[in-house]
Amino acid sequence: MPAHTRMPAHTRTPRPRPRAPGRAARRAAGPLAWWAVLLALYLALASTLSLTQITVGAAAAAAGAAAAAAAGPALFTSGGSGEPAAGRAPRRRPATPARLLPALARLPGQVVADTARIIVRGAAGGDWTPLAVAPGRADRGTATLLISAAPGTYVGGVDPERELLRVHRLVPDPSPYERSLRRAGLVADPARERS
């Protein structure tokens, strides 16, 4: 084509946009974090540390990280427009795996502390308290699973209309683990949430 003949702007093929730098690294960060946490947990529970144990642990952690990466979008996002229903609190962001990692790191310690308390003092007593949870089955399911993972607390009821969980605690105050779930945005104090 001669130099003086140019194609009209509307007929030119658009150039592909360059990918945002770091996008692949951000996508890989979640599975890598899951792998690291799962490997550390496996090695902490292993009776002896050997090359075989480390290899098996790395493979098991990779399988768990792949499952977490595949299930993450279903577990940690909830459908809907994000608009609050009439009379409800504004919707919080879903709790992503990265935001939950500090809470998950506290879980083994909380399991040990709750188990020791139950052995020494027994499992009698305790009280019920409501906790606000973001709307959507995924958020309610994740909150129910993670709160019930420690022996000192469990979810005994869910009210999807009011976006509340009914939680039984052996001790009246929130545990460090529950406080870390609150900081992650998975649950909240209903009074503070509605004010």
Side-chain angles (χ1 to χ4, degrees), residues 29-31 33-34 37-38 40-41 64-65 67-195:
W34 278 111
V37 168
L38 292 172
L41 182 63
L75 283 174
F76 296 105
T77 60
S78 35
S81 64
E83 295 298 320
R88 291 187 181 171
R91 183 171 170 163
R92 298 184 311 280
R93 293 182 303 166
T96 61
R99 291 174 63 198
L100 288 172
L101 281 177
L104 293 174
R106 285 188 175 271
L107 179 57
Q110 191 62 49
V111 169
V112 170
D114 285 354
T115 303
R117 184 202 181 281
I118 290 169
I119 289 170
V120 172
R121 298 184 187 174
D127 205 0
W128 292 94
T129 188
L131 286 180
V133 66
R137 283 179 279 181
D139 293 308
R140 289 192 300 270
T142 303
T144 300
L145 175 69
L146 292 181
I147 287 175
S148 300
T153 55
Y154 68 90
V155 175
V158 179
D159 185 345
E161 292 299 314
R162 295 173 54 210
E163 298 159 9
L164 292 175
L165 301 177
R166 189 168 181 249
V167 178
H168 185 270
R169 289 191 201 125
L170 286 178
V171 294
D173 296 323
S175 66
Y177 172 63
E178 184 183 318
R179 288 195 298 270
S180 62
L181 290 175
R182 289 174 184 232
R183 282 191 296 274
L186 188 62
V187 293
D189 180 18
R192 187 174 298 166
E193 192 73 4
R194 309 278 173 200
S195 59

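Numbers for residues simply follow the sequence, beginning at 1. Atom set for the values below is all heavy atoms of this structure, side chains included, hydrogens, waters and symmetry mates excluded.
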S.K.: Please answer whether the main-chain N or O of T129 pairs with a side-chain N or O of R169 as donor and acceptor at a distance below 3.5 Å.
M.R.: no
S.K.: Grab the two heavy atoms, one from P174 and one from R179, that are nearest each other, plus how far apart they are.
M.R.: O-NH1, 2.7 Å
S.K.: Could you grab the distance from atom CG of L100 to atom OG1 of T142, nearest 0.5 Å is fine?
M.R.: 7.5 Å
S.K.: Quick one: do H168 and D127 satisfy side-chain contact (heavy atoms from CB on, under 4.5 Å)? Show the steps, please.
M.R.: CA-CA 6 Å; H168 185 270; D127 205 0; 5.8 Å; no
S.K.: Specify the closest pair of heavy atoms between A149 and V111, including all atoms of both residues, with the distance to one decimal.
M.R.: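 Closest pair (atom of A149, atom of V111, distance): O-CG2, 3.9 Å.
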S.K.: Would you call R117 and D114 a salt bridge, using N to O less than 4.0 angstrom?
M.R.: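 Answer for the salt bridge query: no.
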S.K.: As an exercise, state the distance from CG of L165 to OG1 of T153, rounded to the nearest 0.5 Å.
M.R.: 11.0 Å
S.K.: For side-chain contact (heavy atoms from CB on, under 4.5 Å), just list the numbers for Y154 and L170, CA-CA rounded to whole Å, side-chain angles, deciding distance to a tenth of an Å, and then say yes or no.
M.R.: CA-CA 9 Å; Y154 68 90; L170 286 178; over 6 Å; no
S.K.: If you define the side chain from C-beta out and look only at heavy atoms, does anything of L181 sit under 4.5 Å from L146?
M.R.: yes
S.K.: Under a 4.5 Å cut-off applied to non-hydrogen side-chain atoms, are R166 and P130 in contact?
M.R.: no
S.K.: Is the shortest side-chain heavy-atom distance between L164 and V133 below 4.5 Å?
M.R.: no
S.K.: Once you round to the nearest 0.5 Å, how far does CG of L131 lie from CD of E178?
M.R.: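 One finds 5.0 Å between CG of L131 and CD of E178.
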S.K.: Does S148 use its side chain to pair, donor to acceptor, with the backbone of V155 at less than 3.5 Å?
M.R.: yes
S.K.: In Å and rounded to the nearest 0.5 Å, what is the CD1 to OG distance from I147 to S175?
M.R.: 9.0 Å
S.K.: Taking salt bridge (Lys or Arg N to Asp or Glu O under 4.0 Å) as the definition, give me every residue that meets it alongside R140, ordered by chain and number, with sequence neighbours left out.
M.R.: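 Not a single residue meets the salt bridge (Lys or Arg N to Asp or Glu O under 4.0 Å) criterion with R140.
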S.K.: Closest heavy-atom contact between R99 and G185?
M.R.: NH2-CA, 3.8 Å
S.K.: Between Q110 and P151, is there a side-chain heavy-atom distance shorter than 4.5 Å?
M.R.: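 Not in contact.
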S.K.: Compare every heavy atom of R106 with every heavy atom of P176, then report the nearest pair and how far apart it is.
M.R.: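 Taking every non-hydrogen atom into account, CB-NH1, 3.5 Å.
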